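Everything on this sheet refers to the single structure shown next.
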Protein chains: 2
Amino acid sequence: MDIPSGSPTKKRISESTIHRLSRYFRTLSLLEKENFETVSSKELAKREKLTPAQVRKDLSFFGSFGTRGLGYPVAELKAKVSRILGIDRIWRVALIGVGNIGSAMVSYKEFIKQGFHIVKLFDNDQRKIGSNHKGIIVSDIKNLRTELQDDRIEMVIVAVPATVAQYIVDVVVKAEVKAILNFAPINLKVPPGVHVRNENMAMELEYLSFAMVNHHSPKGIGKA
Amino acid sequence: MDIPSGSPTKKRISESTIHRLSRYFRTLSLLEKENFETVSSKELAKREKLTPAQVRKDLSFFGSFGTRGLGYPVAELKAKVSRILGIDRIWRVALIGVGNIGSAMVSYKEFIKQGFHIVKLFDNDQRKIGSNHKGIIVSDIKNLRTELQDDRIEMVIVAVPATVAQYIVDVVVKAEVKAILNFAPINLKVPPGVHVRNENMAMELEYLSFAMVNHHSPKGIGKA
DNA sequence: TGTTAATTGTGAAGCATTTCACATGAGTAT
DNA sequence: ATACTCATGTGAAATGCTTCACAATTAACA
């Protein structure tokens, strides 16, 4: 339906392409608010600091969504991209660990905007269990496995200390959750078929640090 | 001492290599705690789910740190990597926007561990200005430019609403700060020579979403 | 209705990154 | 000493990603 039919060989789509699709989605939402009817690959590229060819190639992996001479219909393309990313629906998400980062994530607007609904919170701290965060009552982590299953949770966000993250994830895996966003700074072990993405804010600061000490100009050719 | 001298052609180092160096650094810290004297590219690769060749190639861009037949000396390699990344020193960081994410970042352990010291906080909310977060008094954002300069801030973390992020960043740029970690979901415009990295947690959830709807798991999660 | 201008979609070329494969050097044991 | 083993460092091959360049297609307008 969305992918050109008669293509039996599912090409591997690169991680970079998917990340760019996320960015296109965000920009398309903005363009929609700005009342653009259509947008060219040129304009989209300009806003994302990419080449027009890159934009067209990314989209072409999934179909032909534009009109030659005109560009892409904004609303329609946005719908297609959200379909491709799988965010044309609601995902039921649980957050494990209501500490500093966890609390921030409960209120993180970008999640809700894109269909990620945090519907359960877990913690092991008696002072937090039973308390209310943005309308959600914190559950005891003792019941993690059963509650994840009973509530048909599809994704979890792990925001617990590194020391217990693997233990928690083992339980999450037993509850047959197949997608994990991990904030703990460790390499989690999961069986095949379970997807893990790591979020580590220090890595981006480290990149900045590297860039600064090497005097790389962001655009350009190395050394000043 | 660090980079092979007499190499006039500074090869461009890829973003992936830098990110992997961050990961090596973290793993080397762990290995050090586990009392490993040396580590082979094979072992490092296993822990990071990479190939040994990848590890060796990454390191080889910066010098020869290993001993044939033996591997790499853990403590020494860790020191070299931290030198390469520029985290063998303290960076003076300011955090702008003490909201949900901002507050979480003040307490984020990975920053301190790697030399990123948040020494200033800014907000525009009168109720927050003057309050104390982990020993730091929140400053009025009105004084942003002068205080950034007076306190010799080298990096800023922008955790303000998207609507005001560009305005804030313009001030930050005027204060001659050259490195920005941006949590606002917009594409910031900065002049050449200013480094920006974006952090958007929703993007990783979107990647998970994509992975789930495309790549069915081996055991088959019943989705049609 | 024909001509012009715009912009897509896409093979192919051009780069960049990863992996291979092996010579090389270091340590160890006899 | 010599032989043997291990694991690095690195050109070269393989793979993957981005950009180019242009035919194809559409809208606008005379």
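All chains are named by letter (A, B, ...) in the order of the sequence lines, taking the proteins before the strands, and each is independently numbered beginning at 1. None of the values given here were measured: they were computed from a predicted structure.
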(request) Could you tell me the separation between the CG atom of A:Leu77 and the CG atom of A:Leu28, rounded to the nearest 0.5 Å? (result)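 Spacing of CG (A:Leu77) from CG (A:Leu28) equals 5.0 Å.
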
(request) Evaluate the criterion side-chain hydrogen bond (donor to acceptor under 3.5 Å, both in side chains) for residue pair A:Thr27 and A:Arg47; output intermediate values, then yes/no. (result) CA-CA 8 Å; A:Thr27 295; A:Arg47 296 198 177 215; over 6 Å; no

What is the distance, to the nearest angstrom, from the [atom1] atom on [X] to the [atom2] atom on [N]?
X	N	atom1	atom2	value
B:Arg20	C:dT18	CZ	C1'	8 Å
B:Glu43	D:dC6	CD	C1'	15 Å
B:Phe61	D:dT8	CZ	P	16 Å
B:Leu50	C:dC20	CG	C1'	16 Å
B:Lys57	D:dT8	NZ	C1'	12 Å
A:Leu59	C:dG9	CG	P	8 Å
B:Asp58	C:dA16	CG	C1'	14 Å
B:Gln54	D:dG9	CD	C1'	14 Å

(request) Identify, with sequence neighbours excluded, every residue that meets salt bridge (charged side-chain N to carboxylate O under 4.0 Å, His left out) alongside A:Asp170. (result) none

List, with names and distances, any nitrogen or oxygen atoms from the protein found under 3.5 Å away from nitrogen or oxygen atoms belonging to nucleotides 3-7 of chain C.
residue	atom	partner	partner atom	Å
C:dT7	O4'	A:Gly69	N	3.0
C:dT7	O2	A:Gly69	N	3.2

(message) Test your reading of the model: is there a side-chain donor-acceptor pair from B:Arg56 to the backbone of B:Ser41, 3.5 Å cut-off?
(response) no

(message) In terms of relative ring orientation, are A:Tyr207 and A:Phe210 parallel, tilted or perpendicular, with 30° and 60° separating the classes?
(response) tilted

(message) Taking the basic N atoms (NZ, or NE/NH1/NH2) and the acidic carboxylate oxygens, is any pair closer than 4.0 Å for A:Arg197 and A:Glu15?
(response)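 A salt bridge links A:Arg197 with A:Glu15.
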
(request) Can you figure out which of D:dT10, C:dT19, D:dT19 approaches the side chain of B:Thr51 most closely? (result)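 Minimum distance to the B:Thr51 side chain belongs to C:dT19.
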
